[in-house]
Structures are given as structure tokens and as C-alpha cells.
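Have a look at the structure below before the remarks.
Just so you know, ligand 1 is whichever comes first in the structure, and atom 1 is the first atom listed for that ligand. Sequential numbering from 1 along the given sequence is applied to the chain's residues.
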Amino acid sequence: MTITAEIRETVAGLRAEVARLHAELPRYGLVVWTAGNVSARVPGRELAVIKPSGVGYDELDAAAMVVVDLDGRLVDGERAPSSDTAAHVHVYRQRPDIGGVVHTHSPYATAWSARREPIPCVLTMIADEFGGDIPVGPFALIGDDSIGRGIVETLAGSRSPAVLMAHHGPFTVGPDARAAVKAAVMLEEVARTVHLARQLGPVDRLSGADVDRLFDRYQNVYGQ
Ligand SMILES: O=C(CO)[C@@H](O)[C@@H](O)COP(=O)(O)O
């Protein structure tokens, strides 16, 4: 598969958007060094735009982004794609509704991942963005689609756009890459706040009915 003239403009726009979104990860303290990655599905195509592996964030401009097919093969670009490409493209193959995937090692969410404990839905912000507890996915080694399978299987039973992959860190998804980055930012915020709350004492979950009402409002009414 190649980048035809018909989609070259679309791909160029996604390269710029994915590059811009990568800058949000260090800006919000979600990654250090070269950790983390963002990808975007190319709408209507079996393609995705993702960061090159192991490249510093100060080098991640639009031209640095690479294009892969949904088997993870490099289609366009100069460097090897992210080492998490297999996970990203597995999600895209299995979930046509998902247009963006993000992986970070944000400290508080990753600490919950190390403990293999779901983040309980004890805050309205968790109900708003995640629709309930933020789930934990299985431990899976990088290198094949096992991380991707863990993400898809764990999210199948949840409204959450985030999954805490055990002993690894968070992956977030969304209808586009910007939504997935937002989920990663909100995840780290609530992971930290619930950790702080638990230092003060026990925390109680919101009722299911309240979570449903909050989630519906935020997803369908909030904002412009
Ligand atoms: O967590 C992992 C692999 O799962 C890190 O290596 C990852 O955050 C960054 O890898 P890439 O630079 O995207 O290849």
C-alpha cells in the first residue's frame, strides 16, 4: 500500500496533528525522554500515522512522523515506527470507532498500573470522562499484538477511554488522537487526586445512577 496523491494531503494534515499532540505529553508531565507515543488512524484507509521509535520529543515534527498499515508495516517515512505500533494497529483493526491511541508512562497512572488496581470512580471528573472505574488490563510483553489484545479485551466491558496495563502504564483511546490525548491528561489528573484522597482516608464510589447521569451530561451536553 502506498500514499496515493488522493490521500497525501490528508496524511500531511495528520502528520502535523500527531506531531502537535506529541508535544502535549511532556507539556503535561506524562512522559520522560522518549517514552510514550501517539497515533491517528487515517480515516477510511487501512493506515495510521505514528511517531518513530526512540526519537526525542524535540525532534518530533510533522516530517518525523511515519505511516504504517494496520499490520504495522512501514508504508511512508524514514525511520522505524514506534515499538508500540503493534498495540496501536491491533486496536484500530478491532475497533473501527477508534481514531486515536495514546500510550504514556505518566507517574500516578503508572503507579496504579504497577499495583494492578483499578482507579475507583469516586470523583465527578472520573464519571464525566471515564464513566466508571478505570480498568486494569493484563500484563503483556511488547513485541506482538498481546498488548493490543489486552487493551481491546479490557475496554470491551467498560465506557472508559483509558486502560491501566498491568506493570506497564496507561493506554488511552478516542474517536480521534486529540480525544485520546485528552483522556491521557485527565487520567493522570484523577490518578493523582484519588491517590491523595486515599492518603487522607477511605474513599467511597459514586452511585451507579449518579455516574450514569454525570457521564451522559459530560459526553452529550457539556461545552459548546
Ligand atoms: O513503553 C514502551 C514500550 O511499550 C516504551 O518504549 C514506549 O513508551 C516508547 O517507545 P517508542 O519510542 O514509541 O518506540
_Test: Arg159 cationic atom under 6.0 Å from Phe215 six-membered ring centre, within 45° of axis_ = yes

_Nitrogen or oxygen atoms of Gly36 and ligand 1 under 3.5 Å apart_ = yes

Could you tell me which atoms of ligand 1, counted from 1 in the order shown, lie closer than 4.0 angstrom to a heavy atom of [X]?
{"X": "Ile142", "answer": "3 (C), 4 (O)"}
{"X": "His103", "answer": "1 (O), 2 (C), 8 (O)"}
{"X": "Thr34", "answer": "9 (C), 12 (O)"}
{"X": "Gly54", "answer": "11 (P), 12 (O), 14 (O)"}
{"X": "Ser82", "answer": "11 (P), 13 (O), 14 (O)"}

Whether the side chain of [X] engages the backbone of [Y] through a donor-acceptor N/O pair (distance < 3.5 Å, no angle test) should be reported.
{"X": "Lys51", "Y": "Gly36", "value": "yes"}
{"X": "Ser83", "Y": "Ser53", "value": "no"}
{"X": "Asp145", "Y": "Arg149", "value": "no"}

Shortest protein contact, [atom] (heavy atom only):
{"atom": "atom 4 (O) of ligand 1", "answer": "Asp84 OD1, 2.8 Å"}
{"atom": "atom 5 (C) of ligand 1", "answer": "His105 CE1, 4.1 Å"}
{"atom": "atom 6 (O) of ligand 1", "answer": "Ser83 OG, 3.8 Å"}

*Under the side-chain contact (heavy atoms from CB on, under 4.5 Å) criterion, do Trp112 and His195 qualify, and how do the steps go?*
CA-CA 9 Å; Trp112 286 86; His195 167 71; 4.3 Å; yes

_Could you check whether atom CZ of Arg217 has more than 12 heavy atoms from other residues, nucleotides or ligands sitting under 6.0 Å from it?_
yes

_Heavy-atom count check: over 12 atoms from other residues, nucleotides or ligands less than 6.0 Å from Arg93 CZ?_
yes

